Protein chains: 2
Amino acid sequence: MSAVLPVMKSTLVRKTKTREVERTSSGRENILHEAATLFAAKGYAESGLREIAEMAGVRSATVYHHFASKEKIYEEIIRIALDAISAAVTAELLVLPLDATPRMRIEASIAGHLRALHTNKPFTSTNAHSRISLPQGVNLVVGPIREQYSDFWRAMLEEAKAAGSFKPGVDPKMLRPLILSTLNRTLGWFDPRKGSLETLTRTVVTMFSGIWHEPDMATRVRKRRA
Amino acid sequence: MSAVLPVMKSTLVRKTKTREVERTSSGRENILHEAATLFAAKGYAESGLREIAEMAGVRSATVYHHFASKEKIYEEIIRIALDAISAAVTAELLVLPLDATPRMRIEASIAGHLRALHTNKPFTSTNAHSRISLPQGVNLVVGPIREQYSDFWRAMLEEAKAAGSFKPGVDPKMLRPLILSTLNRTLGWFDPRKGSLETLTRTVVTMFSGIWHEPDMATRVRKRRA
DNA sequence: TAGCATACCGGACGTTCGTTAGGTTTTGAG
DNA sequence: CTCAAAACCTAACGAACGTCCGGTATGCTA
């Protein structure tokens with residue numbers, strides 16, 4: 001029995017534009033990107049709307065032409081981040097053979113999660129920094145989406161546990177928060193200019209190899225789609 | 001050659017009181033504790049001074065009788081957290097035999113770090129949440145203290161690397177941020193009422209055992225001082 | 001070219017923020 | 001009991017916050 005696929009359904013409602021090609025860096029997209037960069041660097045409360053507007057080359061009133069409120073900007077950023085992560089994980093799982101072991105699926109998910117984090121950095125960093133006390137309304141919308149992704153990991157780890165994959169001494173209930181928090185925190189220190197994403201992934205997977213019961217091959221080469 | 005001991009010297013200047021027994025929950029200590037609890041729950045910017053004061057049963061002006069500014073409160077909280085962590089790690093290292101291996105010292109440090117985190121939770125949580133953009137003046141004072149603790153870990157990991165303890169495939173430069181961020185993040189999800197600190201420590205140490213070259217004994221019993 | 005939706009702006013609103021001046025109560029030593 | 005220091009208060013300051021109103025520029029469609 002394979003893990004749930006796709007990991008999550010997309011949460012972004014399709015834009016109701018009839019035709020068009022999405023002009024490069026439209027006002028709205030630009031504001032969104034600059035806001036994400038600011039939120040990632042300074043946090044939500046420390047980033048003023050006038051500062052966001054200035055970064056986007058716009059006045060603060062203009063922001064309200066594109067977004068209903070500061071909270072809604074935040075909410076959309078986090079949804080983009082979560083969508084990117086689940087899409088990357090899904091893609092990574094799709095290239096696995098059908099008879100992949102739980103361990104192979106977990107390690108593929110780790111690779112996908114890490115890749116998504118560091119190729120959407122402003123958005124995923126905003127998401128990672130926001131564990132505590134989102135402005136209430138945001139958590140109501142974003143909470144269930146996060147829970148959906150958590151459930152995917154819970155199910156995958158449960159399979160591994162049922163298959164007897166874990167070494168005695170590890171508490172399986174702690175693995176999901178341990179793994180996900182470790183991955184997310186790489187956003188705070190990993191610099192792609194000083195080390196490759198492949199090295200990071202290999203180091204993390206090797207480090208986690210302490211949880212597995214069988215020795216297994218720890219450093220397999222992983223294929224990537226073009 | 002053993003790792004640096006003590007880990008750090010205390011950064012708290014002794015209170016210049018002449019005698020006294022420090023009445024239980026003095027105004028100042030109370031404000032400090034409530035502020036730490038609030039910062040840990042909601043972050044720095046989201047915690048207003050009037051809210052801090054109210055939690056402490058005091059008016060906001062009174063806070064300024066004990067502290068020069070909101071930033072100074074923050075700064076002191078983080079210093080308390082860092083002092084507690086380095087004290088616990090030092091204590092854990094002191095009970096090791098003199099010929100302890102690098103691996104034993106690292107695992108002892110992990111145990112000490114985790115114990116300090118979860119026995120000073122409001123303070124250490126505030127410290128862990130504050131990776132990004134402290135109010136500038138705070139980072140100037142707190143940055144070097146953090147760097148001192150980071151240096152301790154760097155030196156310890158360097159010893160292990162020199163002793164050839166690490167499995168090929170792991171990038172030693174990534175180990176310190178990987179380990180420390182994993183430990184610090186446990187503050188966000190570990191609930192001491194649902195699992196013991198010993199189980200957490202054992203799971204983490206076992207998980208990290210993937211980095212070691214030799215099989216070694218992964219689950220040793222660790223002594224604790226009375 | 002006329003019409004219209006979209007994008008943007010100046011300027012203000014009410015609120016909350018960290019902070020402070022100046023006055024009152026509490027406390028403990030002599 | 002005296003009296004100074006410590007602890008606490010009320011009330012306000014200017015600044016910055018998120019938000020919004022009314023009006024102007026822009027660019028596509030017909």
Side-chain angles (χ1 to χ4, degrees), chain A residues 15-36 38-39 41-77 126 130 133-139, chain B residues 15-36 38-39 41-77 126 130 133-139:
Chain A
K15 307 234 195 68
T16 58
K17 303 273 186 80
T18 44
R19 20 168 241 87
E20 123 260 25
V21 212
E22 192 80 321
R23 168 110 104 287
T24 66
S25 182
S26 82
R28 189 188 147 90
E29 305 286 326
N30 193 26
I31 291 170
L32 209 53
H33 193 275
E34 296 300 331
L38 256 174
F39 289 157
K42 314 203 312 172
Y44 178 79
E46 287 91 344
S47 305
L49 242 149
R50 286 164 180 81
E51 195 179 0
I52 294 171
E54 190 186 10
M55 289 273 160
V58 156
R59 301 291 175 189
S60 72
T62 304
V63 176
Y64 280 83
H65 177 70
H66 296 285
F67 300 94
S69 68
K70 190 187 175 189
E71 286 195 11
K72 288 290 180 187
I73 303 176
Y74 202 58
E75 185 183 306
E76 185 157 339
I77 289 171
T126 299
S130 66
S133 99
L134 315 212
Q136 195 144 27
V138 177
N139 218 345
Chain B
K15 307 237 194 67
T16 58
K17 303 272 186 80
T18 44
R19 19 165 245 88
E20 124 259 25
V21 214
E22 192 80 318
R23 167 110 105 287
T24 68
S25 181
S26 82
R28 189 189 147 89
E29 305 285 325
N30 194 26
I31 291 170
L32 209 54
H33 195 274
E34 297 299 331
L38 257 174
F39 288 158
K42 313 203 308 171
Y44 178 79
E46 287 90 344
S47 305
L49 245 152
R50 286 165 179 84
E51 195 179 0
I52 294 171
E54 190 186 9
M55 289 273 162
V58 164
R59 301 290 176 187
S60 73
T62 303
V63 175
Y64 281 84
H65 177 71
H66 295 285
F67 301 93
S69 67
K70 190 186 175 190
E71 286 195 11
K72 288 291 179 187
I73 303 177
Y74 201 56
E75 185 182 306
E76 184 156 339
I77 289 171
T126 299
S130 66
S133 99
L134 315 211
Q136 195 145 27
V138 176
N139 218 345

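This one's a predicted model, so the numbers in the text were calculated from it and none came from an experiment. In what follows, every chain begins at residue 1, and chains take the letters A, B, ... in the order their sequences are listed.
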With heavy atoms under 4.0 Å as the rule, sort A/S60 into base, sugar-phosphate or nothing. base
To the nearest Å, give me how far apart [atom1] ([X]) and [atom2] ([N]) are.
| X | N | atom1 | atom2 | answer |
| --- | --- | --- | --- | --- |
| B/N30 | D/dA7 | CG | C1' | 13 Å |
| A/E46 | D/dG18 | CD | P | 11 Å |
| A/E54 | D/dA16 | CD | P | 13 Å |
| B/Y64 | C/dG18 | OH | P | 7 Å |
| B/K70 | D/dA15 | NZ | P | 19 Å |
| B/L49 | D/dC9 | CG | P | 14 Å |
| B/F67 | C/dG18 | CZ | P | 15 Å |
| A/R59 | D/dG18 | CZ | P | 16 Å |

[N], OP1 or OP2 - any side-chain N/O from [X] closer than 4.0 Å?
| X | N | value |
| --- | --- | --- |
| A/H65 | C/dC8 | no |
| A/R50 | D/dA16 | no |
| B/H66 | D/dA6 | no |
| A/T62 | C/dC9 | yes |

From the list C/dT20, D/dC21, D/dT19, which nucleotide is the closest neighbour of the side chain of B/A61? C/dT20
Roughly how far apart are [X] [atom1] and [Y] [atom2], rounded to 0.5 Å?
| X | Y | atom1 | atom2 | result |
| --- | --- | --- | --- | --- |
| B/M55 | B/R50 | CE | CZ | 15.5 Å |
| B/I77 | B/H33 | CD1 | NE2 | 9.5 Å |
| A/L49 | A/E51 | CG | CD | 10.0 Å |

Is A/K70 close enough and on-axis enough to A/Y44, meaning under 6.0 Å and within 45°, for cation-pi? yes
Between the main-chain N or O of A/F39 and the side-chain N or O of A/T126, is there a donor-acceptor pair closer than 3.5 Å? no
